[in-house]
Protein chains: 2
Amino acid sequence: MTKRPYHHGDLRAALLERAERTLRERGSGALSLRELARDLGVSPAAPSRHFKTKQALLDALALTGFERLVEALAAARDRVGPTFAERLAAMAHAYVDFSLANAALLDLMFSAKHSPEASEALGEAAHRWIEQSLELVRTGQERGEVREGPLEHVALTVFAPLHGYVGLAVSGVPLPETGERGLDDVVASIVRGCRPD
Amino acid sequence: MTKRPYHHGDLRAALLERAERTLRERGSGALSLRELARDLGVSPAAPSRHFKTKQALLDALALTGFERLVEALAAARDRVGPTFAERLAAMAHAYVDFSLANAALLDLMFSAKHSPEASEALGEAAHRWIEQSLELVRTGQERGEVREGPLEHVALTVFAPLHGYVGLAVSGVPLPETGERGLDDVVASIVRGCRPD
DNA sequence: ACCTGAACACCGTTCAAGT
DNA sequence: ACCTGAACACCGTTCAAGT
């Protein structure tokens, strides 16, 4: 029954944590700064100390999303062998798993709402995600498992299919053998295309 | 200087048109039923006659989006020859053009917010879009230009890359040779994969 | 059938003031 | 530095009442 102290302790972290939970449980439309403040037992104006605007909170959320995604992808990559095919498959599944488990967060991460200020940190986080994709393809090229060509161009052809699969899955488009089976088709097609033979 | 009549005439259509303009000019965050009503010179409660809820308006907007997209894709397909490569390229460019010109609308169309009721009509519109994709691939298979295999599975490997390219472009991820050049790489890769040779 | 007027329960954000 | 209390200008939605 200790009375709440004046200071929350770490209101910023508490806001982020609670917001992310709301995001996952009830979607981005249900996210309200006032409700967050109520749940954490602070005044409606308290959050503004840590996030000048609601968009700033969303940007911070997206940033943590990119950080966790990069971490998950790296972990998946390091769990398998060094071939391009193995790494691509592992990272593809990790990407889909993360996205389905954090659908609303993924929407935030790839929404065009990046405020020009906060996008500095957010942009860096997104950049690390891109670098990771480039790295996969570069290694594949060095091993002779991926065709030659400008890195960014080739990498785009590798990651667009994954991003598209994730986008379709998250937005509820009915996919064949919902879940992971269709993904394996997509992964195979990235390597060999849709030509006959 | 004729005084506004009691009836608006076609408030429903006017709401949709104005909403779509706001969507394109200022994004989905700036969409407000009250503002729409103000702009159209009706009371704040008037829109609720035609759209029981704001989400219903958004669903209707998404529905028109799918209809226009399907139309644009069909037109692009019919402007070129019958080969799979030609049609794929034409539809890919039409898809990207539509998406960049209607970024916020595309977000709406592929957001997971489909209310279970309105999704009947919306679901049908989305279904026509899927059917169109399947049709492209089926024709390609019949012509021997696309590999054999379950239609839905093969079609997914064709459209995931396009959807992913569009998603990345719309969300502002820096793409090589921003615009259409990277898309041609993606289209080529759909056909032949990223293998060497 | 279609709309108004007024109300209700919310928002995000700001700002003086408190600790 | 961090938060409160109160206020401002908005929201979406509902509902009796008007035409």
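Chain letters run A, B, ... following the sequence lines, proteins first, then strands; residues in each count from 1.
Under the 3.5 Å distance criterion, the side-chain polar atoms of S189(A) are left unmatched by any main-chain donor or acceptor of D185(A). Of the possible donor and acceptor atoms, one in the side chain of K54(A) sits under 3.5 Å from a partner among the backbone N and O of L31(A). Remark: the backbone N or O of V70(A) is paired with a side-chain donor or acceptor of Q132(A) at under 3.5 angstrom.
Dashed line: the shortest gap from a side-chain N or O of H50(B) to OP1 or OP2 of dA1(C) is not under 4.0 Å.
Shown here is E86(A), whose CD atom has more than 12 heavy atoms of other residues, nucleotides or ligands within 6.0 Å.
Checked for salt-bridge contact, R26(B) and E35(B) meet the test: a charged N lies under 4.0 Å from a carboxylate O. With respect to the salt-bridge test (charged N to carboxylate O, under 4.0 angstrom), the residues E20(A) and R24(A) qualify.
Here Y165(A) and F159(B) keep their ring centres 6.0 angstrom or further from each other.
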key: Summary of protein contacts for nucleotides 6-16 of chain D, nucleotide by nucleotide, where a base hit scores B, a sugar-phosphate-only hit scores S (4.0 Å, heavy atoms)   = -B---BBBBB-
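Protein atom CG of L40(A) is 15 Å distant from nucleotide atom C1' of dC2(D), rounded to whole Å. Across the protein-nucleic acid pair, D10(B) atom CG and dC2(C) atom P stand 10 Å apart, rounded to whole Å.
A side-chain donor from one of H163(B) and Y95(B) sits under 3.5 Å from a side-chain acceptor of the other.
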Dot-bracket notation for DNA chain D, counting Watson-Crick and G-U pairs under 3.5 Å, with | for partners on another strand = ||.|||||...|||||.||
